Amino acid sequence: MDAVMTSHALSFSKFNASNVTHDRSLHACELPRGSSWSPGTNGKTFQNLKLDTAVQNRNLAGKTFCSAEACIHPLSAIESHSHVEEDKVGVLLLNLGGPDTLQDVQPFLYNLFADPDIIRLPRLFRFLQRPLAKLISTLRAPKSKEGYASIGGGSPLRKITDEQADAIKMALEEKKVAANVYVAMRYWHPFTEEAIKRDKIKKLVVLPLYPQYSISTTGSSVRVLQDLFREDKVLSRLPVAIIQSWYRRGGYVKSMADLIEKELQSFGSPEEVMIFFSAHGVPVSYVRDAGDPYKDQMEDCIDLIMQELKARGINNDHKLAYQSRVGPVQWLKPYTDEVLVELGKNGVKSLLAVPVSFVSEHIETLEEIDMEYKELALESGVENWGRVPALGCTSTFITDLADAVIEALPSAAAMTTDTTVSEPNSFKQNPVGFAIKMLLGSFLAFVALLLYPAFKNQNV
Ligand SMILES: C=CC1=C(C)c2cc3[nH]c(cc4nc(cc5[nH]c(cc1n2)c(C)c5CCC(=O)O)C(CCC(=O)O)=C4C)c(C)c3C=C
Ligand SMILES: [Fe+2]
């Protein structure tokens, strides 16, 4: 069962988002490449949205606004080029985004670290968010650039996500569901704001391309959508369903098991291979203090995949570890690099790495796992190394995502403005403790970052 969230659980007012699948490449050009996600750029895009909204508000007053290309209807206020489109559903894919070129790396990092869901400062210290983002992105850019240079000079995420969008659209069509599928990236083009276009759709399903929920991924992207739609009466008319996590779906679990089963066959003695799940980490404080379900969901996910493999007679040992930590705070343990060394020393000879928190190839599979971790494992005594590819456009997986969209449609509903659910175990439950921890943590992180040049060579 997927965790489908409709209006009451998030602080949205109603939703109404859209753009057109075949327009996706056009949207990318709306902001100058290499421009940073500065307040100015942000403001400009948002301004455009507001202008459009003004037009929509006129429609609400009973007028129909027609341009050379499209008519905006009073109720939906979304462009339509034909009546066929009126019955379409919209599917909004949320993803992280990645730099297209090496020049994009620092501004991309700036956008990432300027996200209050990535660096969580107490309200009092929010004014530090942007300077801190500037500092960290500048310090980290050279190391990140090296990584992106080694995988061809940029992130493959955009291309792969566009392909997944096309594949989901086709899979839906095969199931007789006409859909427009849109892509909204959190930290690079096409930004969420760029994905907001006018189009006539009757419902919207929001599908984050993260199997497990984290405050730092799905949570952050959904918050941006929330901000965009909250104050817009017209955009808030469309029923929306948000699929929060979908790692429990049979189709996903089976697709992962298929990949693992296939890859095991490339080893001389498949039954002796350690299946090594490597998930992107998050700081421990997300789970401990902010109630992020990410760790629990990840462990549950691994259990489900291993159960599926067992049902197929595959009884290999397995291990879960967390990769890609950044900065001086403690992240979810065990750490991938430390476990690899330990496994090598303990005599594990064959290892199959399985990236499990993300469904596209990206820098952390292509560079971190395929290069850094492979080298580390081999140095530590592992002799046979393999890696399961990311799911990408694997047909069973895409078909299952299409099913997830269809199953979510009936639960699409109007949004309310209840904001209470997003941060369990947080400020509201223990305001003093929370404030002290956040204050101290952020202060220490900030001081540590400024004082320790060693971070430059480590994980910053
Ligand atoms: C489930 C997936 C992800 C979680 C959780 C996540 C949390 C998280 N990430 C950072 C910092 C960085 N992430 C970076 C790249 C990156 N992160 C994810 C996924 C998750 N991140 C992906 C898919 C990518 C790759 C994008 C691509 O271009 O291919 C980067 C930039 C790369 C680098 O410099 O290493 C940083 C930095 C934090 C701090 C965080 C949780 C708080
Ligand atoms: Fe990340």
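Computation of the quantities below employed the complete heavy-atom set of this structure, encompassing side-chain atoms and omitting hydrogens, waters and symmetry-equivalent molecules. Keep in mind the model is a prediction, meaning the values are calculated, not measured.
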Practice prompt. Output all residues satisfying salt bridge (Lys or Arg N to Asp or Glu O under 4.0 Å) with Asp300, sequence neighbours left out; order by chain, then residue number.
Written response: Arg248
Practice prompt. Indicate yes or no for a side-chain donor-acceptor contact from Gln297 to the backbone of Tyr213 under 3.5 Å, with no hydrogens or angles considered.
Written response: yes
Worksheet item: Considering residues at least two apart in sequence or located in another chain, which fulfil the salt bridge (Lys or Arg N to Asp or Glu O under 4.0 Å) criterion with Glu364?
Response: none
Fill in: Side chains of Arg120 and Ser285, donor plus acceptor under 3.5 Å
no
Worksheet item: What pairs meet the salt bridge (charged side-chain N to carboxylate O under 4.0 Å, His left out) rule with one or both residues in residues 366-382, with sequence neighbours excluded?
Response: Asp370-Arg387
Item to complete: Can you tell me which residue pairs pass the ring pair (Phe, Tyr, Trp, His ring centres under 6.0 Å) test with a partner in residues 346-393, sequence neighbours excluded?
Response: Tyr210-Phe358, Phe358-His362
Discussion item. When you compare the side chain of Tyr252 with that of Leu391, does any pair of heavy atoms fall below 4.5 Å?
Written reply: yes
Worksheet item: Side chains of Leu225 and Val240: closer than 4.5 Å at any heavy-atom pair?
Response: no
Worksheet item: Please, which pairs that meet salt bridge (charged side-chain N to carboxylate O under 4.0 Å, His left out) have at least one residue in residues 208-219, sequence neighbours excluded?
Response: none
Fill in: Side-chain heavy-atom pair Asp104, His189 within 4.5 angstrom cut-off
no
Worksheet, complete the sentence: Sorted by chain and number, sequence neighbours left out, side chain to side chain contact (heavy atoms under 4.5 Å, CB included) with Ala184 holds for Leu92, Leu94, Thr192, Ala195
Worksheet item: Thr399 side chain to Ser395 main-chain N or O, any donor-acceptor pair under 3.5 Å?
Response: yes
Practice prompt. Return each pair, listed once, that meets side-chain hydrogen bond (donor to acceptor under 3.5 Å, both in side chains) where at least one residue sits in residues 347-360; pairs must be two or more places apart or across chains.
Written response: Ser350-Asn384
Discussion item. Return the NZ to OG distance between Lys319 and Ser278, rounded to the nearest 0.5 Å.
Written reply: 12.0 Å
Discussion item. Please list all pairs meeting salt bridge (charged side-chain N to carboxylate O under 4.0 Å, His left out) that have one or both residues in residues 259-271, counting only residues at least two apart or in different chains.
Written reply: Glu261-Arg312
Worksheet item: To the nearest 0.5 Å, how far apart are CD1 in Ile398 and CD1 in Ile168?
Response: 4.5 Å
Worksheet entry | Partner set under side-chain hydrogen bond (donor to acceptor under 3.5 Å, both in side chains) for Thr396, not counting sequence neighbours | Ser255
Response to the item:
Those residues at least two apart in sequence (or on a different chain) that pass side-chain hydrogen bond (donor to acceptor under 3.5 Å, both in side chains) with Glu299 are Lys295
Discussion item. A quick test of your reading: do over 12 heavy atoms of other residues, nucleotides or ligands sit less than 6.0 Å from CE of Met274?
Written reply: yes
Worksheet entry | Residues Arg249, Glu407; criterion salt bridge (Lys or Arg N to Asp or Glu O under 4.0 Å); working and verdict | CA-CA 12 Å; Arg249 292 190 65 82; Glu407 288 161 30; 3.0 Å; yes
Worksheet entry | Minimum heavy-atom distance Leu409-Val89, with the two atoms named | CD2-CG1, 3.7 Å
Worksheet item: Does Val183 reach the side chain of Asp162, with side-chain heavy atoms less than 4.5 Å apart?
Response: yes
Worksheet item: Where is the tightest heavy-atom contact between Ser220 and Ser216, given as atom of each residue plus distance?
Response: CB-O, 3.8 Å
Worksheet item: Is any side-chain heavy atom of Arg325 less than 4.5 Å from a side-chain heavy atom of Asp337?
Response: yes
Response to the item:
CG of Asn315 to CE of Met306, rounded to nearest 0.5 Å, is 8.0 Å
Practice prompt. Please determine if Asp258 and Lys254 form a salt bridge, counting it only when a charged side-chain N lies under 4.0 Å from a carboxylate O.
Written response: no
Discussion item. Counting only heavy atoms not in Lys175 (residues, nucleotides, ligands), do more than 12 fall under 6.0 Å from its NZ?
Written reply: yes
Worksheet item: What pairs of residues pass the ring pair (Phe, Tyr, Trp, His ring centres under 6.0 Å) test when at least one of them lies in residues 278-336, not counting sequence neighbours?
Response: none
Worksheet item: Counting N and O atoms only, with roles assigned by atom type, does the side chain of Asp100 sit under 3.5 Å from a partner on the main chain of Gly154, one being a donor and the other an acceptor?
Response: no
Discussion item. For Gln212 and Ser245, which I'm curious about, is there any donor-acceptor pair between the side chains at under 3.5 Å?
Written reply: no
Discussion item. What's the separation between atom CG in Leu109 and atom CD1 in Ile118, rounded to the nearest 0.5 Å?
Written reply: 11.0 Å
Discussion item. According to ring pair (Phe, Tyr, Trp, His ring centres under 6.0 Å), does anything in residues 389-411 pair up with another residue at least two apart or in another chain? List the pairs.
Written reply: Trp246-Phe397
Item to complete: Could you tell me whether a side-chain N or O of Asn316 sits under 3.5 Å from a main-chain N or O of Val273, the two making a donor and an acceptor?
Response: yes
Fill in: Beyond-backbone contact of Phe277 with Ile305, side-chain heavy atoms, under 4.5 angstrom
yes
Worksheet item: When rounded to the nearest 0.5 angstrom, what distance separates CD1 in Ile314 from CD1 in Ile260?
Response: 8.5 Å
Worksheet item: How many angstroms lie between CD in Glu383 and CG in Leu351, if you round to the nearest 0.5 Å?
Response: 12.0 Å
Worksheet item: Within the distance-only criterion (no hydrogens, no angle test), does the side chain of Glu194 pair as donor or acceptor with the backbone N or O of Phe191 below 3.5 angstrom?
Response: yes
